[in-house]
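Starting from 1, each residue takes its place in the sequence as its number.
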Amino acid sequence: MKVLAIIPARGGSKGIPRKNLRPVSGKPMLFYSIDACLASSYIDKIIVSTDDDEIALFAERFGAEAYLRPISLADDKTPLEPVIYDALLKIEQKYNETYDLIITVQPTSPLIQRTDIDKVIEKFKGNKFDTVQTVVDDRHLCWTVDNGKAKPMYKARVNRQLLPINYRETGAVIACTRQQIHSGSRIGDNVGLVEVPQSRSFDIDNFSDLYLCEAMLNRKKIVFTVVGYAEVGLGHAFRTVMLAHELVNYDLIFVCEKESNLAYEYIQSHHYEVISCDKGQLAETVISLSPDMVINDILDTDESYIKKFIKKNIKVVNFEDLGSGHLEADLVVNALYPETKKMDHVLTGEKYFCVRDEFLYIKKKENKSEINNILLTFGGVDEGNLTTKVLFSIANICIENNVSVTIVLGPGFIHDIELNRVITQLTELDVKLFKKTKRISDFMNNADIAITSGGRTVLELATLEIPTLVICQNERETTHSFASNKNGVVNLGNRKDISENEISIAFNEIFTNKKLREEMISKMKALDLTKGKQRVINAVISLIQ
């Protein structure tokens, strides 16, 4: 398809004088629509139809071709149809060309993006639409007035999301076929819709619109890259979404490789924009979004990956990164690891641990002297099936003391058959089994002793002051320095080096030694893990500003 973009821009404006040339975030408003069209993958020619010489000048400076329309089409009451049709005929005649699609892009919608324009054009492929236009979901409980009496326009009062879909035209982008515009209207019988988010649906009509739009354009863009599939769990997705909630003044987008399906679904469920890319295409996908900052929560990175962003003047923040890329990043947050070499850009230690809100807004269990419930939870996957091994190791002690065991499994747990066999054998043991939960803080807070692996869960348990026994799943976890006696945690080391008997002995010591538990709780009380998130947010904002 041969595509002509027409941007109608009159010189006169009653609401905002010289609106189309009014500076918005440092550039004339006209700039943004031209720039979006220039970036489109499909547009062959961009025409600015105007009655104003100065607008024509700027149109040409910004990369479009200016067409001075007849005075008869320059009145503020003139509809757009004859303006667009006139421009089409004159341009086709001038260049002896014929266009299949004519797309109108309004200069008063400066937040419109190349991707929105491309989606409108792509909608014609394989469809017999006469017209495709951008819309925004505008469902509300609306009223009208009939003979002076207010009447609802809905049948039943329900939540907005449950109302019938009600799309409102944004006016930003309307495309139609050449045949349709020849009929005298850009809107045909067969219309396709492209939904755009509320944040990009501005049509500037007054100064209030202008101020809000400028604030949106001035927002810096942050892209999160996140890993999250069965083998690594959802901890990285939890953290990035938590940080995103705090960065409300920024334009936020998430990018996941296709294998990180769990992270993708979790992020999407929190209504953030998330893009999926092929494996190995993270950097290229991020760069295509032109961010001011990228926050990588993908574990270790390499130097070449980070340098791609540095070359584009994109600020880089990495979490839990021990790869060569951490030497090149602008900021690295390694809350789980000790400081091996002093580097100003690396924030290490538990003071930078980002505690989720569910652990901050909870009433901690007060009576911790009696032991009634043991919690077992070993991350998203439990690669070593520690759940089964530990349950078998502590079963006799729990049965003898009439203590229940709560097991919380992650989404990637695959040892169900073996675990269920052991639970079936332990007929006298009270076992409560849960797989995947959004209330892990409740399970932790109800525990009198917890046994877990050496990841972020240890710090969450410490926040709630729960005596904790740690068994590391792998060598990486053994480097997490927080899980130690100085912080009130008993750490048995790598699971490969620990027998069931040693687990039983260590558990029995915590179980029977009230003084030890009190010491563990006292050491956890001395920690202040509640301010780590704000420290990290402050560091991120300081860097991007």
Criterion side chain to side chain donor-acceptor pair (under 3.5 Å) on S260 and E257, from CA distance to verdict: CA-CA 6 Å; S260 290; E257 290 184 337; 5.8 Å; no
Donor-acceptor under 3.5 Å (H345 side chain, H326 main chain): yes
Criterion side chain to side chain donor-acceptor pair (under 3.5 Å) on Q534 and N538, from CA distance to verdict: CA-CA 6 Å; Q534 195 55 53; N538 290 344; 2.9 Å; yes
Criterion salt bridge (charged side-chain N to carboxylate O under 4.0 Å, His left out) on D297 and R239, from CA distance to verdict: CA-CA 8 Å; D297 207 333; R239 176 166 48 212; 2.7 Å; yes
Please tabulate, one pair per line, all N/O donor-acceptor pairs under 3.5 Å involving side-chain atoms of residues 243-251, not counting sequence neighbours.
unit_1 : atom_1 : unit_2 : atom_2 : d
H245   : ND1    : V241   : O      : 3.4
H245   : ND1    : Y272   : OH     : 2.7
E246   : OE2    : K533   : NZ     : 3.0

Whether T50 side chain and A9 backbone form a donor-acceptor pair below 3.5 Å: yes
Of R18, R10, R69, the residue whose pairing with D52 passes side chain to side chain donor-acceptor pair (under 3.5 Å): R18
Exceeds 12 heavy-atom contacts within 6.0 angstrom, atom CD of Q198: yes
Trace of the side chain to side chain donor-acceptor pair (under 3.5 Å) decision for Y352 with N334: CA-CA 8 Å; Y352 297 105; N334 283 341; over 6 Å; no
Distance under 6.0 Å and angle within 45° of ring axis: K27 vs F31: yes
Donor-acceptor contact below 3.5 Å, side chain E92 vs main chain Y99: yes
Qualifying residue, where the test is side chain to side chain donor-acceptor pair (under 3.5 Å) with N296 and the options are T301, D321, N318: N318
Side chain E358, main chain S441, donor-acceptor under 3.5 Å: yes
Under 3.5 Å donor-acceptor, S109 side chain and I112 backbone: no
Other residues, nucleotides, ligands: >12 heavy atoms within 6.0 Å of K312 NZ: no
Summary of salt bridge (charged side-chain N to carboxylate O under 4.0 Å, His left out) pairs that have at least one residue in residues 127-140, sequence neighbours excluded: D137-R139, D138-R168
Side-chain ion pair, R456 and E320, N-O less than 4.0 Å: yes
Backbone N/O of A87 and side chain of S49: donor-acceptor pair under 3.5 Å: no
Basic-acidic side-chain contact under 4.0 Å: D100, K2: no
Residue among V294, I314, L327, V316 satisfying side-chain contact (heavy atoms from CB on, under 4.5 Å) with I306: V316
N-O pairing of R476 and D300 below 4.0 Å: yes
salt_bridge(K94, E65) N-O dist < 4.0 Å: yes
N127 atom CG, over 12 foreign heavy atoms within 6.0 Å: yes
Check: E214 main-chain N/O paired with N218 side-chain donor or acceptor under 3.5 Å: yes
Test: R200 and D116 ion pair at under 4.0 Å: yes
N/O donor-acceptor pair under 3.5 Å between K435 side chain and F413 backbone: yes
Side chains of Q180 and S183, donor plus acceptor under 3.5 Å: yes
Other residues, nucleotides, ligands: >12 heavy atoms within 6.0 Å of R61 CZ: no
Note, I103 side chain near V120 side chain (heavy atom, < 4.5 Å): yes
Salt-bridge criterion met for K258 and D278 (N-O under 4.0 Å): yes
Residue L162 excluded, over 12 heavy atoms near CG under 6.0 Å: yes
Under 3.5 Å: donor-acceptor pair, side chain of R22, backbone of M29: no
Aromatic plane relationship, Y305 with F309 - under 30° parallel, 30 to 60° tilted, over 60° perpendicular: perpendicular
R186 backbone acceptor or donor facing T131 side chain under 3.5 Å: yes
Sequence neighbours excluded, every pair satisfying salt bridge (charged side-chain N to carboxylate O under 4.0 Å, His left out) that has a member inside residues 35-45: none
